[in-house]
Amino acid sequence: MKFTKRLLSLLLSLLLAVSLSGCKTSTEQGGSGQTSQKTGQEQAKTKEQKQFDDFLGRQVKESLSENTLNLHYQLKDPEKYGIKQEKVSIGHISHRQDKKALKENKKTAEELSEFKRSSLTEKQKLTYDILEDYLGMLIEESQYPLYANIIGEISGIQSNLPVTLAEYQFYREKDIEDYLTLLSQVTGYLQEAGEYLKAQSKAGLYVTDAAADTAAKQIDDFLKESGEKNILSATFKERVNAVSGLSKEQKTIYKKQNKKLLNQSVYPAFRSFKKTILSLKGTGKNSGGVCNLKNGKKYYRLVLKEQTGTNKTVSQLLSSVTDRLQSSVKQMVNLIQSDESLQKKFYNFDPVLTSPKKVLADLEKKAKTDYPPLKKVHYKIKYVPKALEDTLSPAFYMIPPIDDETENTIYINKGSTDKSGIYNTLAHEAYPGHLYQNNYFLSTDPDDIRLIMDFPGYSEGWASYVEMHAFDYVPYDKSVAKLKRINDEINMAIGSAVDINVNYRGWTLDQIKDMLKEMGYGSSAADQLFRLVSSEPGYYLKYYAGALEFQELRNKASKELGKKFQTKEFHKVILENGPSNFLQVRKAVEAYIEENK
């Protein structure tokens, strides 16, 4: 099976392959009592149920074995998982791979259909349904070769590859050697990426000149520090120095090899890739949304299904977004009119907590009120290198390998995350957002395959939903917090509405400028937003549509259960269901409602 897809976090957008979410083997589920219980459950399974487990296991191993970069991020010790990779490979970018992926995914779908769903356990049935839906999306995606934008402003390989390589951990000496081999393959990898762009250009699917210029600038940002301060030089030294058992001389040799590869392979490869990007300017035939492409509206509907997981039509989704936008604007106006000093406070308030560690401690403590308990999670806080501050997101969470849950990493971008926003940024990335959700799901012992499927609408939707509710926890002025929450929702709603209007309804830049002008935004904001949504369709919606789905389900459960509704139990249902499309989440919530009426 080949999981070719878009990803929630920056890590695997560059590979167009499997996701980097974690999975847990059955030998890691707590103490001996749990192990014995699990062994008994395995023995009690029927022949078909065991065959289904074997089928899922094969798919996981095949997917994880596709390239070294994916495998290393997924597993600290692949051989213990039964995977021995013979050849180090950074992976490939080629539209010709689509035919191979289509064949493999169709074969997997056929194998899946041969199982009698009614004979599976309840847990297996859920996995069956989610996998069936997921494979359907992958098969449909194969109908659109060259539509994927690999140099997007947010998910492009030009900005994600350096960070992904910089976070490649060295657990043993072999990891250093594999990493250096990966560096030697960057030239070929980016050459393949360049050929992909040329094929896009030939097909009339290349990006706009503005998008090409943005990608080129991001490469310049990476190369700005090409000496010892470059992210791939500085982090390599830190990682090598942390490896035990290496002599000072061995470490020096590896550092020299890294420096040579950066200067002779990696940096020249990025410069060449930049030249290719710029050389194709003027060949893109579409200056607007994807609806202008052949079968563009059909493709956009698929993008929304992949990015949001919603089963709403585009019109229904736009209606939901527009209603919330109008409601939020009305709330903001009423709030400001009721307190003339609020607007001044909004721009000059004391956030109280600004230290990431103190903020996380506060969030972890307060989240226990509304979210089910979770064992202590280990994490590291790192900062985005200054040269990449203009390129990368305000913050992002790096998922740990499946056999070492202590490797949770949160990156903070000082260039775009100020002290006034650090509290809710960390609510999104850590507690009770990504870090909490990922580790909670791991604790439920899901089928491993559930964790190599990517559902950004669920994951980013959850993080956005809890970020909004985390304004209830902030230590500063509650009236300011309420205004900030409304303001953040307005921004997400505007981005989502613009996304649909541009990519499905074919709105032009002038129409977007008129729309934003009525809301008090200048033309530069319209330019930036138009460029982003046309370059990365569905980007805002994976955050906002998912958050709306969770909020709508919460409202439904609260209304139908009345006093019996418990926020913590509602969240538990969602977390235990885990990442999936919202049809499955809704089924789980409706079952919870029926059980508690």
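Residue numbers start at 1 and run along the sequence shown.
Applying the side-chain contact (heavy atoms from CB on, under 4.5 Å) rule to K517 yields no partners; only residues at least two apart in sequence or on another chain are considered. Under the side-chain contact (heavy atoms from CB on, under 4.5 Å) criterion, S327 pairs with Q331, sequence neighbours left out. Judged as a salt bridge (Lys or Arg N to Asp or Glu O under 4.0 Å), and not counting sequence neighbours, E340 has no contacts. Under the rule for a side chain to side chain donor-acceptor pair (under 3.5 Å), Q437 has no partner lying at least two apart in sequence or in another chain. Residues forming a salt bridge (Lys or Arg N to Asp or Glu O under 4.0 Å) with D527 (at least two apart in sequence, or on another chain): K513. Applying the ring pair (Phe, Tyr, Trp, His ring centres under 6.0 Å) test to Y379 and every residue at least two apart in sequence or in another chain returns nothing. Every salt bridge (Lys or Arg N to Asp or Glu O under 4.0 Å) that D339 has, sequence neighbours left out, goes to K345. Partners of E228 under the side chain to side chain donor-acceptor pair (under 3.5 Å) rule, at least two apart in sequence or in another chain, are K237. Checked against salt bridge (Lys or Arg N to Asp or Glu O under 4.0 Å), D220 has the following partners two or more places apart in sequence or in another chain: K274.
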field: side-chain hydrogen bond (donor to acceptor under 3.5 Å, both in side chains) between Y539 and E153, intermediate numbers included
entry: CA-CA 10 Å; Y539 173 74; E153 188 171 341; over 6 Å; no
message: Run the side-chain hydrogen bond (donor to acceptor under 3.5 Å, both in side chains) test on R554 and S558 for me, step by step, so that the C-alpha distance in whole Å, both residues' side-chain angles and the decisive distance to 0.1 Å come before the verdict.
response: CA-CA 6 Å; R554 177 173 175 160; S558 179; over 6 Å; no
message: Checking E238 against K382 for the salt bridge (Lys or Arg N to Asp or Glu O under 4.0 Å) test, could you report, in this order, the C-alpha distance in whole Å, the side-chain angles of both residues, the deciding distance, and whether it holds?
response: CA-CA 13 Å; E238 293 172 4; K382 295 184 179 181; 5.8 Å; no
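Ring centers of F550 and Y458: under 6.0 Å apart, within the cut-off.
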For residues 579-597, which side-chain donor-acceptor pairs fall under 3.5 Å, sequence neighbours excluded?
| residue | atom | partner | partner atom | Å |
| --- | --- | --- | --- | --- |
| S580 | OG | N577 | ND2 | 3.1 |
| N581 | OD1 | L583 | N | 3.1 |
| N581 | OD1 | Q584 | N | 3.0 |
| N581 | ND2 | D133 | OD2 | 2.9 |
| E594 | OE2 | K597 | NZ | 3.3 |
| N596 | ND2 | Y592 | O | 2.7 |

Report, one line per pair, each donor and acceptor closer than 3.5 Å where one atom sits in a side chain of residues 479-486; sequence neighbours left out.
| residue | atom | partner | partner atom | Å |
| --- | --- | --- | --- | --- |
| S479 | OG | D477 | OD1 | 2.4 |
| R485 | NH1 | E489 | OE1 | 3.4 |

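Side chains of D499 and Y544: no donor on one and acceptor on the other come within 3.5 Å. In this model, no donor atom of one side chain and acceptor atom of the other lie less than 3.5 Å apart for D488 and N424. The closest side-chain donor-acceptor pair between S535 and N149 falls under 3.5 angstrom.
Residues I412 and I422 form a side-chain contact, since some pair of their non-hydrogen atoms from C-beta on lies under 4.5 Å apart. Using a 4.5 Å heavy-atom cutoff, the side chains of T310 and L541 are not in contact. Using a 4.5 Å heavy-atom threshold, the side chains of Y540 and N491 count as separate. When side chains are defined from C-beta on, Y436 does not count as touching V377, because their heavy atoms never get closer than 4.5 Å. Side-chain contact between I130 and F455: present, with at least one pair of heavy atoms (C-beta onward) separated by less than 4.5 Å.
Open room surrounds NZ on K419; 12 or fewer heavy atoms of other groups in view lie less than 6.0 Å from it.
Counting only residues at least two apart or in different chains, ring-ring contact (aromatic ring centres under 6.0 Å, His included) contacts with residues 335-369 comprise F349-Y476.
Classified by interplanar angle (parallel below 30°, tilted 30° to 60°, perpendicular above 60°), the ring pair Y168/Y73 is perpendicular.
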